[in-house]
Amino acid sequence: MATSPQADGESGTVFSAETYFATQPPPSSLEQDVARVKEFLQRQLQDGRKVVLVTSGGTTVPLELNVVRFLDNFSAGTRGATSAEYFLKAGYAVIFMHRQFSLQPFSRHYSHSTHPFLDFLEIDESSQSATSASSPRITVRPSEEPQLVEVLSTYKAVHRAGTLLTLNFVTVNDYLWLLRAVSQEMSILGRSCLYYLAAAVSDFFLPRQKMSVHKIQSGKGSLHIEMDQVPKILKPLVAEWTREGFIVSFKLETDPNLLLPKACQALARYGHQVVIGNDLHRRKFEVVFVSPKSSSSSASQPSAYEESWLRIDLNKDPHKEIEEDIVAELVKRHEGWIRNAT
Ligand code: PAZ
């Protein structure tokens, strides 16, 4: 068994997934998380529900063992949190694996930056609270009530039904260990599980063995850090950990010319079912689904893939969320995947 990383011939090191997990330590919460996932999946199996794993938000790359500094990325977790709600609405049970403190289903509607909840509460000075004779009641601004009632009642119903399990990660290492463990557990569902990998995962990391123990000191001029490549985790996910799951990955680009070639490249490399391509600045109203052509005999040729663009018009309907249509399309494709089981 190879447990040492390989030099890539230029600079840095390429870790296989096997080497990665043999050399990087698991997060301390892993065992506990796996126990919660097992219990959740057993219940969904008994109830005959399909399960989707939604990954969401960005990963950090710590630069020190006693971490003061880390690299991060832009993702707020909007795509993941919004999609999770639509999957729940479509009858799926959802494992929502997200970056700690990123947006979550339901509470996302009251994000502290875009819609802070204190702004729509009012103090009714004329009334007395039922619990304390001296303090006045808090009321909800009438214009906010309809949405709050809708969000709150769905949130409560999901909690009563026990169809949402939330797990969190911070670093890219937490993410990789958790993704492996959850997907291995989910494989008991066969074709009834869907993977919706919307998290923005770092492509580079600093192995524990190369990290400074203490805070990196300034005063020695510029800082040079050589990072290694994060292993391509979709490869073992598709080929080993969950062979029958319906796997959807996301590809983010800023150069529109790269979107389709990169999506096709991912499908050719990993052999999964769908790549959803999105441009950083257009992602709220336009995405492209890329998937193997059903009749294709050669999945390694670019012509072996078909693209299908999904667009919404935010000028016409500013409240429309593109995730509603993304999820509707995937639910259809997943049903086909289950039907076509041999
Ligand atoms: O979290 P968000 O809604 O701000 O952004 C979503 C997204 C762009 C991170 C997601 O749609 C995506 O493309 N994720 C994969 C990124 C990548 O590794 O290419």
Side-chain angles (χ1 to χ4, degrees), residues 52-61 71-87 94 96-109 111-115 166 168-172 174-176 178-179 194-205 227 229-235 237-238 247-270 272-291 307 309-312 314 320-327 329-330:
V52 58
L53 171 69
V54 175
T55 71
S56 184
T59 58
T60 68
V61 178
L71 295 187
D72 204 347
N73 67 52
F74 73 96
S75 170
T78 312
R79 175 83 82 217
T82 310
S83 305
E85 281 182 29
Y86 287 108
F87 277 118
V94 175
F96 184 66
M97 186 177 138
H98 73 107
R99 162 74 179 280
Q100 187 183 37
F101 308 132
S102 66
L103 293 179
Q104 293 199 42
F106 308 113
S107 65
R108 73 177 172 103
H109 297 279
S111 138
H112 61 283
S113 52
T114 56
H115 194 190
T166 299
N168 64 53
F169 58 81
V170 177
T171 67
V172 64
D174 300 341
Y175 173 88
L176 294 172
L178 200 51
L179 179 64
L194 197 157
Y195 293 79
Y196 186 84
L197 307 175
V201 182
S202 174
D203 288 325
F204 303 100
F205 80 114
M227 295 202 166
Q229 236 185 71
V230 167
K232 301 293 181 197
I233 212 69
L234 264 174
K235 203 172 170 186
L237 178 75
V238 176
I247 300 176
V248 181
S249 69
F250 278 78
K251 175 63 72 187
L252 174 76
E253 292 297 339
T254 54
D255 176 351
N257 295 321
L258 289 180
L259 209 50
L260 287 172
K262 288 290 202 154
C264 293
Q265 193 185 67
L267 287 174
R269 270 196 188 149
Y270 311 121
H272 57 303
Q273 285 66 48
V274 182
V275 175
I276 299 182
N278 51 178
D279 175 279
L280 180 66
H281 304 293
R282 301 174 66 81
R283 70 188 193 282
K284 307 261 182 201
F285 57 89
E286 177 187 273
V287 297
V288 58
F289 283 62
V290 186
S291 49
E307 65 188 78
W309 289 87
L310 199 164
R311 295 185 178 93
I312 59 169
L314 289 174
K320 171 85 181 172
E321 295 176 312
I322 195 168
E323 288 78 8
E324 181 178 8
D325 293 354
I326 296 177
V327 169
E329 175 63 25
L330 290 177

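Here the structure is a predicted model, which is why all the values come from computation and not from measurement. All values below come from the heavy atoms of this structure, side chains included, with hydrogens, waters and symmetry mates left out. One-based numbering, in listed order, for ligands and for the atoms of each.
In terms of protein heavy-atom proximity, atom 12 (C) of ligand 1 is closest to Phe250 CB, 3.6 Å. For atom 14 (N) of ligand 1, the nearest protein heavy atom (residue, atom name, distance) is Ala198 O, 3.1 Å. Shortest contact from atom 5 (O) of ligand 1 to any protein heavy atom: Arg283 NE, 3.3 Å. Summary of contacts: the protein heavy atom closest to atom 3 (O) of ligand 1 is Arg79 N, 2.8 Å. Nearest protein heavy-atom contact of atom 1 (O) of ligand 1 is Ser75 OG, 2.6 Å.
Between Val275 and Ala266, the shortest heavy-atom contact is CG2-CB, 4.0 Å. Across all their heavy atoms, Ser202 and Val61 have their closest contact at OG-CG2, 3.4 Å. Residues Gly77 and Leu103 approach most closely at O-CB, 3.9 Å, considering heavy atoms. Here the closest non-hydrogen pair linking Ile322 and Val287 is CD1-N, 4.0 Å. Of all heavy-atom pairs between Ser56 and Ala81, the closest is OG-N, 3.8 Å. Taking all atoms of both residues into account, the shortest heavy-atom contact from Thr171 to Thr59 is C-CB, 4.1 Å.
No salt bridge links Glu323 with Arg108; every basic N to acidic carboxylate O contact stays at or beyond 4.0 Å.
With a 4.0 Å cut-off on non-hydrogen atoms, Ala199 touches ligand 1 through its backbone and not its side chain.
Some N or O of Asn278 is nearer than 3.5 Å to an N or O of ligand 1, by distance alone. For the pair Ala200 and ligand 1, the shortest N or O to N or O distance does not fall below 3.5 Å. Considering backbone and side-chain atoms alike, Leu252 places an N or O below 3.5 Å from some N or O of ligand 1. Considering backbone and side-chain atoms together, Lys251 places no N or O closer than 3.5 Å to any N or O of ligand 1. For ligand 1, none of its N or O atoms has an N or O atom of Phe74 under 3.5 Å away.
Near Thr78, with a cut-off below 4.0 Å to any heavy atom, the atoms of ligand 1 are 1 (O), 2 (P), 3 (O).
One distance of note links CZ of Phe169 with CG of Leu178; it measures 8.0 Å at 0.5 Å rounding.
Listed by first and then second residue, the salt bridge (Lys or Arg N to Asp or Glu O under 4.0 Å) pairs that reach into residues 272-288 are Arg282-Glu286, Glu286-Arg311, sequence neighbours excluded.
Ligand 1 lies out of reach of Ser249, whose nearest heavy atom is not under 4.0 Å from it.
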